[in-house]
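So that the names make sense, note that chain A is the first sequence line, chain B the second, and so on, each numbered from 1.
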Amino acid sequence: MIKTCLLALACASLAACDNGFLTQQGYEPAQPIAFSHALHAGEMKMNCQYCHFGAAQSRHAGVPPANVCMGCHKNVKTGSPEIIKLTQAVAENRPIEWTRVHRLPDFVWFSHQNHVAAKVACQTCHGPVETMARVQQVNTMTMGWCLECHRSIAADPANAGKLNPPTDCSACHR
Amino acid sequence: MPHDEKKPWQSLAALRGDPAELARAEREFAEELPVGPGAIASGHAHGALVQLRSGGDVSRRGFFGLMGLSAAAVGIAACQRAPVAKVVPYLSEPDGIVPGVSNWYASACAGCDAQCGVLLKSRDGRPIKVEGNPEHPLSQGGVCAVGQASIVSLYDASRARAPLERGQPIGWDALDAKVLAGLEDARSKGKAIRVVAPLRTGPTFESTLAQFLAAWPGARVARFEPSGELTALADAHQAAFGARAVPSIHLDRARTLASFACDFLGSWVAPVAFARQYAKGRALPLIEREGGKLGQAEGAPPDFARRHWQLEPALSLTGASADRRHPLAPSELVPALGGLVRRLALRSMHPDRAAIANALPRASEPRELAAPLDALAAELSASGAQALVLCGASDLTAQALCVAANQLLGAYGTTIDIASGASLPAADLPLAQLFTELEAGQVGAVIFLGTNPVYAHPDGEKLAELLARAPLSISTADRLDETARDVALLAPDHAPAESWGDSEARRGLTTLRQPALMPLFETRAAVESLSAWSAGKKHTQHELLCARAEAELYPRALHKEPRFDLFWTRALHDGFVETEETPLPASFSVAQLGSLFALPLATPSDTELWLHSSVALRDGRWSNNAWLQELPDPLTKTVWDNAACIAPARATALGLDDGDLITVTANGRSITLPVLVQPGTHPATLAIAIGYGRTAAGNIGNGVGVNAFPLLSGRGPARNFIEARLVKSGGQKPLARSQTQASLEGRPHIRTATLAAWSADPGASNPEEEKLDSLWSGHEYPGHRWGMAIDLGSCTGCSACVISCQAENNIPAVGRDEVSRGREMHWLRLDRYFAGEPDSPEVLHQPMLCQHCTNAPCETVCPVLATVHSSEGLNQQVYNRCVGTRYCANNCPPKVRRFNWFEYRHDDPVERLALNPDVVVRSRGVMEKCSMCVQRIQEGKALARRDGRPLADGEIQTACQQSCPSQAITFGDLNDPNSRVAKLTRDARAYRLLHELNIGPVISYLTRIKNTGA
Amino acid sequence: MSGHTYSALRHPLVDPPRSLSQITDEIAAPMERAPSASFWAALGAAVALLALGAGMVTYEVATGIGTWGLNKTVGWAFDITNFVFWVGIGHAGTLISAILFLFRQKWRTSINRSAEAMTLFAVMCAALFPLIHMGRPWLAFWVFPYPNSRGSLWVNFRSPLLWDVFAISTYFTISLVFWFIGLIPDLATLRDRAAEGSLRRKIFALLAMGWNGSGRTWHRYETVYLLLAGLATPLVLSVHTIVSMDFATSLLPGWHATIFPPYFVAGAVFSGFAMVLTLMIIARKVLGLEHMITVRHLENMTKVIIVTGGIVGLAYGTEFFTAWYSGNPYERFTFINRAFGPYAWAYWTMISCNVLSPQLFWFRKIRTSPWAIFVVTIFINIGMWFERFVIVVTSLHRDFLPSSWSMYRPTVVEVGTLIGSFGLFFTLFLLFTRVLPMISIGEVKSVLTFARQPAGSASHAVPAAAAPVLEEGAA
Amino acid sequence: MSPVSQRRFAAQFASEEPLLAATREARERGFSIDDVFTPYAVHGLDEAMGLAPSRLPWVCFGAGLTGLVSMLSFEIWTSAVSWRLNVGGKPFDSLPAFIPVAFEFTVLCAGLGSVAALLLRTKLWPGRAPAVLPGTTNDKFTLVVHARAESDETLRALFEHHGALACGPLQPDAPAPAAPPAIATVAP
């Protein structure tokens, strides 16, 4: 009996998670280096894929290697305390441990490449990153949320023949 | 369960792990951001491993695994926010590596001596899959099970991680100092320096070895080959032609093929290449059938004279494919071959026929073989130069008789060729002599170059003791194996995938090996060690290889390039170099050959031991490989063990049954092992697979099965059979078998016909499917409709597909106990049935995998929609939705669904590197099954989409299809009427499993056609 | 006129005659006197078994289904066998309380209460197994269609397993309600017996919900009781029909058979009545209710057993005939394998227990001797468990492809879980006999005069009746 | 209520037969039956009291129908509209397969619906504790009729003829149905 009650409790709370009451939405962790997308992508209008070059060719957009940052910061704002953290890391040959913001469950297969190829704007999923001093997860990123987009695009006659985002399970779960 | 400690694959072991390990074990998905490779690329091998642990505890399954303990825990745990995860990018990204994108490196397989060309799929800097190199002239894209499984051996946790002195870590410099001192000491004391090298290495290796010998005058090399098959082959040809080489063989040209105990499809010399040739030679034209009407034949008509005879003591993979098969006792091999040669000599016009006939051994063949040999001789001489006689016994006389037979037939030059053979190093020092020298204490230093005679030599135990008498003893094994345990210094070699190298597949064809990852451990290539121990400057393996390539390959390469670096880049990309070579000087001398006929013959007895390599373990080199240990033997279906195969008649006579323990005694040595009643075994034969019973293979291979080598005659493994005594020792050791039912019960799951019947009616024994009525109208599949065709005529049952599937889809090995409970996890299995006479049965193989039924019975019964159909006709299994009722598996007619009975471990930081990041690792309690490599399908489609081109037929290959040596599997789009698979599906031979149930499989099997009959 | 028929041919249902208040006293007695040592012994044993089962289930859930003897070919064995077995047991309860009610079988009155209780407890045991047989039971709630963040991913209404979910939960709910409605008047009786202001009285008052025996309430109450009986009857048939469809709608030879629904329903009634008898025979002895659960009740039930047993036997035969007549080689093999294969022992156990042993009931002597009946019913319980085992396992272990044939051997964990389910069942049943009237007081009173000459005048009818009135009035 | 209807006269019996007879005769004589309190469901009492058949079956039917329709449409919506999944090649709307669940849900709704209606209509719910006539839940049968004071004697004669154990008027202000003091005082 008690087991059943516990089970019921468990189910109830799991059900709650199911309903997306508890997602990572709004997650906005501090980063080892206070890198500002608002500054780089916003004010300076740098292309997302200049740093996240993986997005076009791989499932991972990837966090840029330190040497990409150093490309500019060898001579730009070398004095700033944040940049100094970076230069030190490079000097010590120590990789920088960024805190991951967007993280799909392990059983979900997602490909940035496919979405970039389909000309989906980064903001569609990641929100207005160019306005964020510190990156935040703006969307729920639940399965339903993904499907919403896939379905609406597939349903739009304008995309017929050009785009047909799959709604097959094996598109993401394999 | 005794195996637990030894095998992490033992399901329950997962529970025994400490909590931290458990938590790590729960990782559902091996994908790492490029931390590891990054670290590897920047040279921090260990950093990589440390990093790889991180994230183990952040997966969702982290708490799901522990959840079982209390339902409440679930409730609370599941609603926590995901724990903090780190992303660790490269400091500076290495060239050509994009996180998440696979790179392919052409290299050479080191599974056996065949050295097939392979492509290593490397993801984020770690190889995760071995595939055949389609451009390689010999293997042509196939890889055997052993080659596939080598990826596990690469990440074998039992590998030595640093140079060792008597088990204690010692730096490389210190080791080199000791070695050089020891060698110097030996020279000064005038003691012998001895090297024990494998029989077949590579040119670079040989030249480096030569340098070493030059540096240490008086140093000599003994060659050691556990199975001894190449030795016998080469020796026979040396005697006959004066050229010590492995002849190149062209099965596709052989119309009549007589194989005496030669398992060329399973383990002999180069199985993959042979399987490809064999299938090519027997390929049937494609004839479509529609409503009883036959279409135009597509492809060359079959050669009705083409027939394969197999005479062998015990059923082999090759025997299973033969058109005609006759069991014979091992001791009858030579007499039978002699009888054949005599018959051929009568028919032959060969100048030396008389000389040969006179030299033949006196022993006459057994009476019951007279008739078959007459027929065989007739067919052989009818085919003349297009005939071929092969012998798999590592027996010099037998091999010599083969040479004679082929010579009489004039086969040399067509089906078999010594001039383009791969030459082997001249026999320098017999291993037996090393024993005596050691005994006499004359040896100052002995170096074992990747050889393991303590295990694989009949007198290994003796050698182990003798080694103590050598002041300096070194092994370059990759682990503390039986030999390495008893030597002073271990200079661990790289894994093949970490090293450079070359090998001569045949004269004029050099296969190149290039590394696909930085060494995981502080190991060093054997050649580097050799060069370090030679006088003068030490070279890296790369330097050594390039030097040789520039000196010898570049000038004679068929593909001319203006500069060496261009040539070299191309060569590495291709994975092989073809060069113009003068044929091997080979002139036939009957005298030399005749002398071999005179060797003493094996005495017939009522129990004759026949030692053979198993398809999976071969000579035991890779025994510490769970995939190979758990690969069901294609013929006995046993796993994790070797048994003594005995004829049914003999078994009943002795009152023996499967699993009864017997003691086999030969040469005064005994082993005890379970018997297995195996049809097709000659009554006098006791067939035992070598490669088992390792004691220092590692945490997996130790103590699996028994070591049969000690039974061999003290003269070294020049013969792989010997008379023995058999005693029922009482007691039982139940065998773990993936299939226990041997008969098809007259069910039509496998359809066979003779070539004659087929030529009369291509649909022979395969009536056309009648259209079945259905309540439902069914669904439309616009766009792609994936399907598969499996040609049972080509399938040899070699099981390469099984391991390929396992590697591609992160399928766990579960261990002996679980398999014996009927819980092996293979998504693709090979069904094996026997038909006909038990003394020489017909063997039927059938690859069985998810049939992706159009009206899938499994889907209807799943309460939570965890398995449904995709818009492209695939039967999808969604692991993360599955609640594990197992109803789908119950309702699955071919029973191809696999359930995760426990949490299977994937937590070893090294072993985990082999996981494929594109496929989820399934958690406990969920169902899994063949997905038709949907990840490959998606990848192929994405590539085509990115290039804005339509998907080409054959562009997407499933893992099983890719590695199939005989190309029996075809995958493609059924909606494209011109696709290969669509055509095969319409072939008159095509049928679908259990069609009458109206489940509508998308996999078609093609009737197996054999050229039995007169 | 009131609907009683007085016939000399009929036997009184309550024998020897009792006064209304005596009946109240006797039925309430077990709840009011302190439990006997034998009760404690029985309860102790039951709880011990329950604990064993709980341990086994915990281990299995924590470790994995691998702790059971299942394999790639035999995906179900003890789990589903036990499930079907317990559901079957449950059905007799509903049958007795609902169907016999519809048929106005007055003899049901003294057994329906405990039969219904048995139904509830049996269904609890049954429901346990589909839950724990899941590989990931903590996700069991996924079988319910609720809106979720998966877009929304619903459930597969085509799956018989899902039908089970609805069937079993509905069955349990309706049985519970039916049982409780039947209890209300008795709860009121107990309330009024309990001492003023005692906790006991408070509890019963709460449960009785202010029942005051008003004729108007009785009128509507009877209507609803009839309605529930009318609903429960098709329900009980549908439940086991659906359970049988778990097998019938699959395509496995030995499962895929159209006779399964009636075959299973008959089997359920068969096993259920056997279990009722087993329990009743013990209960009437232990609680001294022989005069209300008379030999006649037992005899009637044995007759039901003969009939249903016959149907089951016929079904066994029909299965073989169909297999042979269909000419389907797989079907044929399955049934030959059933009778002569490695599990033949299970098959013949089933035949001898289910087909042969009930034939003893043709003899009046056996029919009317409680202990003989007891022994036979035990055999039937065993036989019916084996019937399900045979259906589940022998069909699975050798199906279409000989390559996947295998054998199934149960593990300690499975056996322990089965025993544990009995522990759960008996624990609940024993507690029930202590806290609630295991015979419906109201209903037995209503059949008090059954097959008896009616009282000429009230005062004679119940001579002792006047005195208590005064007392009560004064009270 | 009129004062007339408020005044009630009760009679207690020891078994169902006299009760039924008395009830029937009282009604024939034109007395209006307030209520009858019995330990068990006395057959024919409703007819004797002249109660109209209950309308609860209609509630049952309505609830069942609602259940059936709602579940069927839910099944069809989820499988054929909300998310069309190809399950085993069966049509999205596999109506035959939807019947079992729909049936079960029908029964569930019908059952719970009618029980809920019963409890509400008869004011049965936890916490209700109306006064109960002594012995009603054990072995006493009490008939309560509306009566003017002048008809008391007629009634007393009628009930005693039928073998009432005791009878007498209930206090007008007594919470109906409460034990009439008369019953306690009157000797048999």
Side-chain angles (χ1 to χ4, degrees), chain A residues 3-14 16-18 21-24 27 29 53-54 56-68 70 89-90 93-101 103 105-109 111-114 117-118 164 166-174, chain B residues 27-29 31 33-35 38-39 42 44 51 58-61 67 70-76 78-82 84-93 98-101 783 865-868 870-872 874 876-881 918-921 931 934-935 937-938 942 945-946:
Chain A
K3 266 182 83 262
T4 337
C5 303
L6 289 175
L7 204 73
L9 162 70
C11 299
S13 37
L14 270 181
C17 310
D18 265 3
F21 298 142
L22 286 138
T23 65
Q24 294 289 85
Y27 180 49
F53 48 82
Q57 25 181 336
S58 163
R59 41 187 293 204
H60 309 298
V63 175
N67 64 346
V68 171
M70 292 307 286
V90 174
N93 191 21
R94 160 173 56 84
I96 302 159
E97 288 201 358
W98 300 92
T99 305
R100 192 164 182 175
V101 183
R103 191 165 198 276
D106 297 339
F107 50 77
V108 178
W109 192 93
S111 165
H112 279 90
Q113 184 212 317
N114 292 357
N164 56 337
T167 49
D168 288 334
C169 313
S170 54
C172 311
H173 307 297
R174 38 177 79 168
Chain B
R27 308 247 310 91
E28 180 157 10
F29 196 47
E31 177 69 339
L33 274 169
V35 204
S42 45
H44 307 327
Q51 295 284 22
V58 304
S59 91
R60 166 181 146 282
R61 281 181 50 229
M67 210 179 270
S70 139
V74 189
I76 296 129
C79 280
Q80 287 171 353
R81 293 198 147 202
V84 176
K86 295 290 179 193
V87 186
V88 187
Y90 290 102
L91 274 171
S92 73
E93 190 146 289
V98 181
V101 175
L865 294 166
T867 179
V868 295
S870 88
S871 58
E872 299 179 342
L874 291 181
Q876 311 168 110
Q877 175 66 25
V878 190
Y879 313 121
N880 44 302
R881 174 64 170 175
D918 287 343
V919 177
V920 157
V921 171
S931 68
V934 67
Q935 67 279 6
I937 296 176
Q938 308 278 17
R945 205 184 308 118
R946 197 181 56 185

Q) In Å and rounded to the nearest 0.5 Å, what is the CZ to CG distance from A/Arg94 to B/Leu91? A)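 Those atoms lie 9.0 Å apart.
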Q | Point-to-point distance, once rounded to the nearest 0.5 Å, from CZ of A/Arg174 to CD of B/Gln877 | A |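 Here the rounded value is 15.5 Å.
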Do the side chain of [X] and the main chain of [Y] share a donor and acceptor less than 3.5 angstrom apart?
X: B/Glu93; Y: A/Pro65; value: no
X: B/Gln876; Y: A/Cys169; value: yes
X: A/Asp168; Y: B/Ser870; value: no
X: A/Ser58; Y: B/Pro99; value: yes

Q: Please look at B/Ser931 and chain A and tell me whether the side chain, the backbone, both or neither of the residue comes under 4.5 angstrom of a heavy atom of that chain.
A: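 Contact with chain A: none, neither part.
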Q: Answer with side chain, backbone, both or neither: which region of B/Gln935 has an atom nearer than 4.5 Å to a non-hydrogen atom of chain A?
A: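 For B/Gln935, heavy atoms of backbone and side chain both lie under 4.5 Å from chain A.
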Quick one: are [X] and [Y] in side-chain contact, heavy atoms under 4.5 Å?
X: A/Val63; Y: B/Tyr90; result: no
X: A/Asn114; Y: B/Gln938; result: no
X: A/Arg59; Y: B/Asp918; result: yes

List the atom of [X], the atom of [Y], and the distance in Å for their closest heavy-atom pair.
X: B/Arg946; Y: A/Gln113; result: CD-NE2, 3.5 Å
X: B/Pro89; Y: A/Pro95; result: O-CB, 3.8 Å
X: B/Val920; Y: A/Phe107; result: CG2-CA, 3.6 Å
X: B/Gly100; Y: A/His60; result: CA-CD2, 3.6 Å

Q) Is it the side chain or the backbone of A/Pro64 that comes within 4.5 Å of chain B heavy atoms, both, or neither? A)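 Answer is backbone: N, CA, C or O of A/Pro64 sit under 4.5 Å from chain B.
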